[in-house]
Amino acid sequence: MSSKLTLLGLFAVAVLFHVGLAQQAGSCPGRQRYGQCQCQIQKLQALRPSQRYESEGGLIEVWLQNNQQLQCAGVTLVRQTIRRNSFNFPGYNNAPKLTYVPPRGRGVHSVVIPGCPETYQSTEQFQGQREQGEQARTIRADEHQKIRPIRQGDVVANPTGHVHWFYNDGEEQLVLIHLIDTGSNSNQLDQQFRKFYLGGNPQSEREHGQHQQGPYQGEEQTYYQQRFESNNIFRGIDDEILQEVLGVRRETVEKVKGRGDVRGHMVQARQGLQLVRPSRMEEEEYRHGGSSSYGNGFEETICTARMRENIGNPARADVYNPEAGYIRTVNRMNLPILNYLQLSAERGVLYRNAIYAPHYNLNAHTIIYVTRGSARVQVIGNYRQPVYDGQLSEGQVLVVPQNFALTKQAGQGGFEWVSFKTDANAMINSLAGKTSAFRALPVDMLASMYQISRQEAENLKYNRGQEVMIFAPSSTSLGRALP
Amino acid sequence: MSSKLTLLGLFAVAVLFHVGLAQQAGSCPGRQRYGQCQCQIQKLQALRPSQRYESEGGLIEVWLQNNQQLQCAGVTLVRQTIRRNSFNFPGYNNAPKLTYVPPRGRGVHSVVIPGCPETYQSTEQFQGQREQGEQARTIRADEHQKIRPIRQGDVVANPTGHVHWFYNDGEEQLVLIHLIDTGSNSNQLDQQFRKFYLGGNPQSEREHGQHQQGPYQGEEQTYYQQRFESNNIFRGIDDEILQEVLGVRRETVEKVKGRGDVRGHMVQARQGLQLVRPSRMEEEEYRHGGSSSYGNGFEETICTARMRENIGNPARADVYNPEAGYIRTVNRMNLPILNYLQLSAERGVLYRNAIYAPHYNLNAHTIIYVTRGSARVQVIGNYRQPVYDGQLSEGQVLVVPQNFALTKQAGQGGFEWVSFKTDANAMINSLAGKTSAFRALPVDMLASMYQISRQEAENLKYNRGQEVMIFAPSSTSLGRALP
Amino acid sequence: MSSKLTLLGLFAVAVLFHVGLAQQAGSCPGRQRYGQCQCQIQKLQALRPSQRYESEGGLIEVWLQNNQQLQCAGVTLVRQTIRRNSFNFPGYNNAPKLTYVPPRGRGVHSVVIPGCPETYQSTEQFQGQREQGEQARTIRADEHQKIRPIRQGDVVANPTGHVHWFYNDGEEQLVLIHLIDTGSNSNQLDQQFRKFYLGGNPQSEREHGQHQQGPYQGEEQTYYQQRFESNNIFRGIDDEILQEVLGVRRETVEKVKGRGDVRGHMVQARQGLQLVRPSRMEEEEYRHGGSSSYGNGFEETICTARMRENIGNPARADVYNPEAGYIRTVNRMNLPILNYLQLSAERGVLYRNAIYAPHYNLNAHTIIYVTRGSARVQVIGNYRQPVYDGQLSEGQVLVVPQNFALTKQAGQGGFEWVSFKTDANAMINSLAGKTSAFRALPVDMLASMYQISRQEAENLKYNRGQEVMIFAPSSTSLGRALP
């Protein structure tokens, strides 16, 4: 790779020889800690993934980290589809990762915490049942660290540098949406999203890039930047040392190093994996019982820390309006491990034509991933014109910078999304409704600000004062929205 | 704004075509988190504001954030003058702001905290008195969040992203000195100081820039960088959505969006604002009683957090010398909200010819604003020559980088200042007097260090050992300083 | 220094005129907070110091901070050799410093904490004994802040901006290895390592640079960047002001300012320094008693904070294997002041041919300094080839980026090192042995991952399952390693 230039060098060259490009490249919201990006924010765009990597066990699609929007927010987004009975090689990242499970499939998740004991143990005679309908198989003696069932609506935490894996033990595909915060303080490497695997041969994956996507035509010279870098960490270790410290045969070392493995980073376990775990029935009982294992945030030790919180269940919504929809958040208050990740998330559902009132995040960027439906979305920054004004549809991603106002109106088919936020305690300020900033201001001030009567100022303050953040459409707007 | 280049691009270009400029541009102390600025520190300068924006309700003067000194320290300074009965449009910033009220005027301040209740309530019959001598006016029913009276010597905290406003209800102009810490971790946007208003038409303001000010001649190409960006956040939101979520008439939406408003971002309330608040008499009683509402930092909830601390009263000085002057600091110990802002401040008064002994800040930059008088100031860094050696007068600003030594000798008219510091617990090490580092060193070491007798080393350690930080001038120096 | 360009400017120039250089310059692991360094990591190298500064009292050797490896990790390394009866001028840095005392010499250390009392006090009549064999000398009345004896294996903390000094009161040279973390959040200046002295004339030091060292030939234009900047902080202060605030004679001011001093920044105290301190005998008794003054981290006040922890004693090893060696760490758990420095350290000893199993740091960079012997070291990153594969010998330094795997096999003479880590609680994940990630994974998953039998997967998990991190060489490897 002697032809690599640093991004900075490239950029200097680009400025000199492609000033036109540099002039377009202003659409870049950003965390200031990314010094190399001045991130002029004039235009956002809805993003689709631009790369696909296929492997035996599934598919990953990557939203380029060096798309300027994502780069300036300091994040990478990945959608992973795991086939039945497949799992991804255990590995770790150079940044914290928050994973959302959209309504599809189920599986298990495990984070390896260094120094913690193997608390899931079985003896030789244990009889496990994998699935109703399958034949009972004997689980032989094994012990490993805790594993967690996951299902739709779960948010799963993966701290920086911790080995973790996902396994699809369900009947259909398991889809995962990953947000990797390469801008985190816990990442002391560069902004590149780096993935280190404990096995396999990631370079063997077939890549299907769509490198001309988006407005960044003419950036072929940065093509190699567009890969996220991954490697089998055993790959470069000397064979003899590895053979010695693992205490295994030479052939096994070859296997561990993934030589000749062409399956990619997700692989299939033909018979399914035999795991030590409570039976599916036990798990389901707990779930229907519905009690949630809220920690108090203090009693938890790192070895038993909760890594998962479900935000998909409308019965536990934080904001609910039967005409408009519901919202549920996960943050450091209900999932304390997020203090380490410095990330949080919001799950929202808007019914047909309903409106999420204008609001902004005080202290975080928002990365919206649309799980279903579509909406008209507006984002307003420091300019007279919105920096985004258009449709946002299933599978698309939009970055909303900190402090920029956001409003959404669901389309005919409703609108469902998950938003990742780059702070463990992201705070919202609403610009309309019961929790609106207007409510906090004196009536007389509103009248004077807007040069309106005191009566009209009271209207402004109280007319929609019963609704919180999400609004049912009035008959007028219903009429307007219908064709 | 298609002609915008990113700062980085510009810089690269500047280096190529204006190497002379780049060579001069070395006078840049800085926080390292600002990667794009290597901030070679060779020469500081006393700064006056370079931009004025006038509006109906007053005037703001801005110290350019992209002046290299301020940019490298990661701060913007703003002096705001609010006319009688005027207020600024409620709004929020992308960074924490600490405000000092120099000895002029009085007013009220409010921070809107999302989710907190409207705790200032009145019923229809309430009779309020605004001012002695004015006629009593009926305050009609209203409720809003807490408002705080402010007066000279107050330091007021405005956390990132929180809507806040100031209102001048006094008899004369209200002057405010704002320090905005765009380098704060809570700002995930770029370093640009961005102001988001809930109303008005900020772009209508008449700007009176003095763009050729300072040593940065020939930087016209960065002119557009020199504006701080502000906008009415409702401006870009779709009219119909806004009408619906606010539940008001179309005309009111127009007013909220500030169309055609030419008053700027500060406006006058001809009759004065009717606010729900304790009477001025009640407030004054409390003040003369003199008890201060020190929180313990734990009992406080965010909704009742103290946002204000007075550091103007010599009766509460931290350091006092009747011959030399006094110093009072506000930090996270006496104003816990500063833990969120990561800022602190120092108010100082030096009498005629008195000296603030050489000292440095261990962990913060210092931004000095002179409120009265003048002094001879020296700042010493890593070079043989001082990086600053000259007069500093009323209305001027000087940035003193972390670890750089600072000394001040007041002129004939004394010297008063406020210093903002970029840490919630800024620590000082004094190089002379009772708290001097010399006192902590063995006499024998001093003798050996400076190749002086043990007796002279004891003199060094103890001769001025009764004085703390501020020194009355000796007769010699008095003689010297007098004309 | 009008010919200074900022590093960034230089870099842009370098890219344009020395693209070949830029292409080589990719070997740069880095903390992202250093925006200007994209730090492509392809090749690491073992580093020797490239600069020597001699002074009367000893010698310092500096590992260039702008070597790309060190720059990207945000650290500077300094080896200081202090002669008998010599000390360095008290001074402070713009960044936290962690010091290790390799097996050579002994001395004392003191950190001046502003506002803390002088707690080491003597009265006139006190009789001190410096060393057995020397004649008793009278210590005259003195008082100063706490001083701490240091000896081999000590790790000593020096917080940002705090004045501190070292004094060699032993019989032989005292060697100190300093790690300065210029990338720390507590450094708000630029990345340059800056040293501020309270005396002397640092610029008088004879510099013996070896500027052509390493792969960065052709970088003469950055030569001036390669100095670390130091100054006598009193140098630039006006003579009259200094005379007044110190209350001493004009001649003493000259001495304090170091005019004409050619001794450099370390000086000799011909008669030895007379310090107020417990006798050497009292200190030794405590040591052989062996009790360690572990604080609970809460009771400590800043004035009595422990600044020192010994990690040289095998009797207190954290990991011990009589066939392989031992490891001892110091972090915020056993030295709470490290919470302020955000640094930790590891001391390791590998016996002949023993292996430190492959492992990586989850959350920190590692800077290895070899104190004795040599080893074969491999570092594996995101590439097929190791980024380092070679010998590492006494006196050399290697930077291992966060998340990169590291393995060491000691040579014939064994291998001893100290590793500095850029987090107060650096966490290791081992890839082999009892604490290996393999142990945490299900056997069935290992079989499926590596396409091996369940039996072989169990071998992988348990064969070397009794050993923790460090492995004695098997007879095979012994045979291999022997000539």
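Letters A, B, ... mirror the listed sequences (proteins, then strands); counts begin at 1.
Heavy atoms of B/I452 lying under 4.5 Å from chain C belong exclusively to its side chain. In this structure, the portion of B/Q378 lying under 4.5 Å from any heavy atom of chain C is its side chain and not its backbone. Both the backbone and the side chain of C/R249 have a heavy atom closer than 4.5 Å to some heavy atom of chain B. Interface remark: B/K434 contributes no atoms to any contact with chain C (heavy atom separation under 4.5 Å). Interface remark: C/F234 contributes side-chain atoms only to the contact with chain B (heavy atom separation under 4.5 Å). Contacts between B/M449 and chain C at a heavy-atom distance below 4.5 Å involve backbone atoms as well as side-chain atoms. If you measure heavy-atom distances from C/E143 to chain B, the contacts under 4.5 Å come from both the backbone and the side chain.
A distance of 8.5 Å separates CG of C/N93 from CG of B/N403, quoted to the nearest 0.5 Å. Expressed to the nearest 0.5 Å, how far CD of C/Q274 lies from CZ of B/R454 amounts to 5.5 Å. Note that CG of B/D423 and OG of C/S186 are 9.5 Å apart. Values are rounded to the nearest 0.5 Å. Atom NE2 of C/H144 is separated from atom CG of B/D444 by 9.5 Å, given to the nearest 0.5 angstrom. The CD1 atom of C/I147 sits 11.0 Å away from the CG atom of B/L441 when rounded to the nearest 0.5 Å. Note that OG of B/S448 is 8.5 Å distant from OH of C/Y167, once rounded to the nearest 0.5 Å.
Here the side chain of B/N429 pairs no donor or acceptor atom with the backbone of C/P114 at under 3.5 angstrom. Using modelled atom types, no side-chain atom of C/Q188 and backbone atom of B/A73 make a donor-acceptor pair closer than 3.5 Å. Looking at B/Q409, its side chain never comes within 3.5 Å of a backbone N or O of C/I241 through a donor-acceptor pair. Side chain of B/R439 to backbone of C/E118: no donor-acceptor contact under 3.5 angstrom is found.
Atom OH of B/Y351 has more than 12 neighbouring heavy atoms from other residues, nucleotides or ligands inside a 6.0 Å radius.
The greatest number of non-hydrogen atom pairs below 4.5 Å with chain B, out of C/P117, C/G115, C/A269, C/P90, is found for C/P90. Interface remark: of the candidates C/L198, C/V267, C/V256, C/V256 forms the most heavy-atom pairs closer than 4.5 Å to chain B. The greatest number of non-hydrogen atom pairs below 4.5 Å with chain C, out of B/A364, B/G381, B/G465, B/A357, is found for B/G381. Options C/V112, C/V163, C/I233 differ in how many heavy-atom pairs under 4.5 Å they form with chain B, and the most are formed by C/I233. Options B/E467, B/M427, B/M445, B/Q385 differ in how many heavy-atom pairs under 4.5 Å they form with chain C, and the most are formed by B/M445. In terms of heavy-atom pairs under 4.5 angstrom with chain C, the leader among B/T407, B/L446, B/L431, B/I428 is B/L431.
Residues C/T160 and B/N363 form no side-chain contact, since every pair of their non-hydrogen atoms from C-beta on lies 4.5 Å or further apart. In this structure, B/K461 and C/D142 have side chains that are in contact, with non-hydrogen atoms separated by less than 4.5 Å. Looking at heavy atoms from C-beta onward, C/V245 lies out of side-chain contact with B/R464 at the 4.5 angstrom threshold. Proximity of C/L246 to B/F438: side-chain heavy atoms (C-beta onward) are separated by under 4.5 Å at one or more points. Considering only heavy atoms from C-beta on, B/H365 comes within 4.5 Å of C/L189 through its side chain. Counting heavy atoms from C-beta on, the side chains of C/L275 and B/P442 come closer than 4.5 Å.
Ring centroids of B/Y450 and C/Y197 are separated by 6.0 Å or more, keeping the two rings apart. Taking the six-membered ring for Trp and the full ring otherwise, the centers of B/Y360 and C/F196 sit at least 6.0 Å from each other.
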* To do: Please lay out, stage by stage, how C/E244 and B/I355 fare under the test side chain to side chain contact (heavy atoms under 4.5 Å, CB included).
  => CA-CA 9 Å; C/E244 183 154 332; B/I355 297 172; 3.6 Å; yes
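Applying the side chain to side chain donor-acceptor pair (under 3.5 Å) criterion to C/Q145, with sequence neighbours excluded, gives no partner residue. Among residues two or more places apart in sequence or in another chain, the side chain to side chain donor-acceptor pair (under 3.5 Å) test is passed with C/T252 by B/E456.
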